[in-house]
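Remember, it's 1-based here, ligands and their atoms both numbered in the order they're listed. Here the structure is a predicted model, which is why all the values come from computation and not from measurement.
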Amino acid sequence: MKTSQREIKRSHSILDHSPEEVVTLLKKHELRISILGLGRIGLPTAAVFAEAGARVTGIDIDEEVVRQTNAGISRLTDEPGLDLVVKKNVAEGRLSATLRPETMLHDSDFIVMCVPTPVDLAKSPDYGAIRAVSHSVGKSLTKGSIVIVESTVGPGVVEDIVGSIIESESGMKAGRDFGLASCPERSDPGSIMKNMHSVPRIVGSTDVHCGDLVAALYREGLGVEVVRVSSPKAANAVKLTENLFRDVNIALANEFALLYEKFGIDTVEVINACATKYNFMPHYPGAGVGGPCLPSNSYYLINEGIKLGNIPYLIRLAREVNDRMPDHMVELTAEALNEIGRTVSGARIAVLGIAYKPDVKDIQLSPIERIITRLREMHAVIEVYDPMFAGEEAMGLIVHKTMEDAVRGANCVIVGTAHAEFKKINLASLSRMTARKAAIVDGRGVFVPADAKKAGFAFRGVGRVALSAFRPDTRPTASTSRQA
Ligand code: SAJ
């Protein structure tokens, strides 16, 4: 008889069940999942598993996060669709949150770690949160449960740190008494709910049966393809390879930009033309690389590599190239202001966009902070507008409520983030708001340089051809902006 018809003898140990029974328990609202960390990844993960039928408890150290979640509120207002799923599942009693891990971990079939793994000022991975939740899990673990790590960590951290701490706290053995797996998060902030239901997930576990159960959970719970790899560290290597591939290729685009500016070549035009070739993956130059992922992920490998005797030169150099882009933006700003007869000191500079990427309310490691800091050190007067932070305080400044308030009388307008709103800016009306002589420094390929020139701006852009507003210019001008 099929599992779904036969009553399942509910064992306390999910490891005693088959993948088909995991699916049945999920559908019968009998599967219990704890999510450690209700941040950008944890809250959507908790909501989606609850929506699929699981009884989910989110565990966080932030009282306000726990309170909001239990009130059916998602503070991630820039994640379309998340608030409705949180509200619905809290109302239907399948999603709740608590500050106290011990009460819920004991009763969980699956325990999913979604805590942050930043790097510290010395660029060393900070696994403090992962260690803390591993101790909590070890203290309350029930034999036969499965621990899944979604946080991005260096290869081997799941086995050697998470597994070891849980074993020492519980006296149990990974692979025998509890399952241990890695299923790295693969979501793009700002599109997480869409990604959750579309992007294949990578599962690596200490033993095949545990991997089968984790794969069943994600395949059924999220409705996505699951790709199995041989171990947790292989799964973490996949995640890091994806992100470091991106960081290195962005660095290459930035290197081309620094070169082609000197040649008077428009890098965006070149990259868009390259993208017509079947095996070219376009990446674009910009004001720098920010966010919780790319600026940190490389150091998970660099540090481990050096310890093991292999220095990842290219990965390390790519980080240096990307980290230099904010300084290049400051150089372009000084150059553009000089062209209109001003210096940075005393100039009124409007910065449009502080978020690390378009249409996301997130300034984690945003490269724009360094640009603002350096320009303020050079005694510029900085005004800021970002639609995601309008009226709020960020980076030590009050973000204007409207773009007009920020750009009024400005000698220079810097584009720090390619928010959709900025792509609709009418340059002619912008030129009526700024000072009579003004410059644009485009850090994200939002504007077409020739349009800025036509509107009377001195123009600089990362990887773009420098255009003076006041000299007739016969050179061909790029007719495209970035496609990304
Ligand atoms: N950036 C460039 N040039 C590019 C692309 C990005 O300068 O061609 C800059 C962005 O402005 C931003 C930074 O790089 O400051 C990071 O951009 P991102 O799109 O990679 O944004 P993230 O950090 O949110 O990347 C996340 C990652 N997802 C996970 O770690 C799970 C990354 O792996 C994904 O590729 C990315 O989302 C995505 O687009 O899905």
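Each ring pair (Phe, Tyr, Trp, His ring centres under 6.0 Å) pair with one or both residues in residues 180-208, not counting sequence neighbours, would appear here, but there are none.
Listed by number with element, the atoms of ligand 1 under 4.0 Å from a non-hydrogen atom of P189 are 24 (O), 26 (C), 37 (O). Close approach of ligand 1 to K357 (heavy-atom distance below 4.0 Å) involves ligand atoms 19 (O), 21 (O), 22 (P), 24 (O), 37 (O). Of all the atoms in ligand 1, the ones that sit under 4.0 Å from a non-hydrogen atom of C293 are 23 (O), 29 (C), 30 (O). Less than 4.0 angstrom separates some heavy atom of K239 from each of these atoms of ligand 1: 29 (C), 30 (O), 31 (C). Interface atoms of ligand 1 facing L294, defined by a heavy-atom separation under 4.0 Å, are 20 (O).
With sequence neighbours excluded, the residues that form a side-chain contact (heavy atoms from CB on, under 4.5 Å) with R75 are L43, V65, Q68.
With a heavy-atom cut-off of 4.0 Å, D188 touches ligand 1 through backbone and side chain alike. With a 4.0 Å heavy-atom cut-off, ligand 1 is reached by the backbone of S187 but not by any atom from C-beta on.
Enclosure of atom NZ in K87 is not indicated, since only 12 or fewer non-hydrogen atoms of other residues, nucleotides or ligands lie within 6.0 angstrom.
We find that E269 and R464 are not joined by a salt bridge, their nearest charged nitrogen and carboxylate oxygen being 4.0 Å or further apart.
Counting heavy atoms from C-beta on, the side chains of D386 and H419 come closer than 4.5 Å. Looking at heavy atoms from C-beta onward, I250 lies in side-chain contact with L294 at the 4.5 angstrom threshold. Within the 4.5 Å cutoff, side-chain heavy atoms of L31 are placed close to those of V22.
Proximity annotation for atom 5 (C) of ligand 1: of H283, R246, E150, R246 comes nearest, heavy atoms only. Across the listed options G290, P285, G291, P292, G290 owns the non-hydrogen atom lying nearest to atom 13 (C) of ligand 1. Of the candidates Y356, Y284, F245, the one placing a heavy atom closest to atom 2 (C) of ligand 1 is Y284. Nearest to atom 32 (C) of ligand 1 by heavy-atom distance, out of N254, N243, D247, is N243.
Under a 4.0 angstrom heavy-atom cut-off, M325 registers as lying outside contact with ligand 1. The closest approach between any non-hydrogen atom of R186 and ligand 1 is below 4.0 Å.
Exactly one of I130, V153, T206 qualifies for a side chain to side chain contact (heavy atoms under 4.5 Å, CB included) with V158. That residue is V153.
Ring orientation note: the planes of Y260 and F256 are close to parallel, at an angle under 30° on the 30°/60° scale.
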